[in-house]
Amino acid sequence: MDHFHLRDGELYAEDVPLARIAAEVGTPVYVYSRATLERHARVFKEALTPLGDPHLAFAVKANPNLAVLRVMQREGFGADVVSGGELARALAAGMPAEDVVFSGVGKQEYELIRGLDAGIGQFNLESEEEGVELAVLAEARGLRAPCALRVNPDVDAGTHDKISTGKADNKFGVPIGEAPAIYARLSAMPGLDMRGVAVHIGSQLSDLAPLERAFEKLGGLIASLRANGLKVSHADLGGGLGVPYKAGDVMPSPAEYGAMVARVTQGWDVRLMFEPGRVIAGNAGILLTKVVRVKRGIRDPFVIVDAAMNDLARPALYGSWHDFEAVRPSNKRMTANIVGPICETGDTFAMGRDIEGVEAGDLAVFRTAGAYGATMASSYNSRGFVAEVMVDGDKYAVVADRILPEEITAAERVPAWL
Ligand SMILES: *Cc1c(COP(=O)(O)O)cnc(C)c1O
């Protein structure tokens, strides 16, 4: 459920007409609904209450905007970060360092040091090599770094290949068969406090079965680690719950997910940890755009909008679907190809889509753009970075300024010898 709805024939974000935001901030612009973020955070939290006191870390990469992180912090979420930049954002948003989990296969030395200096709650180690490097850095500082070992359970998440992370040939985690030996060796290092295991098999999962298989394997691993006399007090189950992108899509609910987790993890005797991203932010944001022109096509017309693949990359990257809705529905229908202005055929949001009739100058939205939207933007074709707005009831604020192409050019230099 979200708070983008029609009222008196036009689309609103909570109590603010999107047309007002377009007039005052310009387009394209991302619009987030605070009430929707909060609702999703609470539904997720409530679904997990049978699990005791789980640790919740919002996956910052889904939407790293500081205002969004602040909403999550106020809801009691920590952060799952995958870079020094994300760590800085989580701290800047007021998340306590001990609620930060640091994931990622390529953490560099300076990033490990920043995590140690900040006193983050957990490093999710993705290789033995990383653990050895962190142990040396921590010991030199007289610290013991709290760590979980991320394992690759070799489970097919059944989602898009590019966002599957738990198959044996993916780069993430250590092979689950090697995990007991690696965990034992890392546990013997004085710079590390090996306290648990972690798994994250992919994103936009539409089926709980692969998650259940991965968690069962993790449970088996915990038992065998303990049988070897090793300490396991935490189990991080990652993120991955899918969201409906298309009206009518049915996804597993947080409640069904919570019930499955409760069943599988019964008797584990650990503190469970979660890293949801998309399920919190996805439907809490839209990309507001304007129709530049409608161009005749051989078959269907091309609706050319002012948003492009540099602003919302998912359709070009993964062939993803985003519902397209007119801000002031005309009650006429048309079949159209929806494209951006970028000089790439990949800059296509939809082909042969049945949509509300739109004309040049009309406003429209791409739905479900709150996760993996603005954060994946680039400046391709010398376009700027779009602004981001957060709505709260009948007010809104610009939470990220539009960055103009000339501001990007200002960071470039032509050397004197040219
Ligand atoms: C991306 C990611 C998440 C969040 O995934 P969602 O599908 O957005 O819930 C959680 N944990 C890790 C390690 C990730 O890389």
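Counting starts at 1 for both ligands and their atoms, following the listed order. Nothing here was measured: the structure is a model prediction, and the numbers come from that model.
For Lys107 and Phe102, the positive end sits near the middle of the six-membered ring, less than 6.0 Å away and at most 45° from its axis. Both cation-pi conditions hold for Arg353 and Trp321: the charged atom is under 6.0 angstrom from the six-membered ring centre and inside a 45 degree cone around its axis.
Interface atoms of ligand 1 facing Arg150, defined by a heavy-atom separation under 4.0 Å, are 13 (C). The distance from ligand 1 to the heavy atoms of Gly239 drops below 4.0 Å at these ligand atoms: 9 (O), 10 (C). The distance from ligand 1 to the heavy atoms of Arg278 drops below 4.0 Å at these ligand atoms: 6 (P), 8 (O), 9 (O).
Under the 30°/60° scheme for interplanar angles, the aromatic rings of Phe44 and Phe77 are found to be tilted.
Shown here for Val174 and Glu128, the closest heavy-atom pair between the two residues is CG1-N, 4.3 Å.
With sequence neighbours left out, Asn381 forms a side chain to side chain contact (heavy atoms under 4.5 Å, CB included) with Ile342, Cys343, Arg383. Scored by the ring-ring contact (aromatic ring centres under 6.0 Å, His included) test, Phe349 finds Phe366 as partners (sequence neighbours excluded).
In this structure, Asp323 does not pair ionically with Lys246, as no charged nitrogen and carboxylate oxygen lie closer than 4.0 Å.
How far NZ of Lys162 is from OG of Ser203: 14.5 Å, rounded to the nearest 0.5 Å.
At under 3.5 Å, a nitrogen or oxygen of Lys61, whether backbone or side chain, sits near a nitrogen or oxygen of ligand 1. Considering both main-chain and side-chain atoms, Ser103 never comes within under 3.5 Å of ligand 1 through any nitrogen or oxygen pair. When only interatomic distances are considered, the shortest N/O to N/O separation between Gly240 and ligand 1 falls below 3.5 Å. For a threshold of 3.5 Å applied to N or O pairs, the pair formed by Gly277 and ligand 1 contains at least one separation below that value.
The closest approach between a heavy atom of Phe172 and any atom of ligand 1 is not below 4.0 Å.
Counting heavy atoms closer than 4.0 Å to ligand 1, residue Val279 contributes nothing at all. Counting heavy atoms closer than 4.0 Å to ligand 1, residue Ala59 contributes side-chain atoms (C-beta onward) but none from N, CA, C or O.
Among all protein heavy atoms, the one lying closest to atom 8 (O) of ligand 1 is Tyr372 OH, 2.6 Å. When hydrogens are left out, the protein atom nearest atom 11 (N) of ligand 1 is Glu275 OE1, 2.6 Å; that is the closest non-hydrogen contact. For atom 5 (O) of ligand 1, the closest non-hydrogen atom on the protein side is His200 CE1, 3.4 Å. In terms of protein heavy-atom proximity, atom 7 (O) of ligand 1 is closest to Ser203 OG, 2.3 Å.
One N or O on the side chain of Asn63 and one on the backbone of Gly370 form a donor-acceptor pair closer than 3.5 Å.
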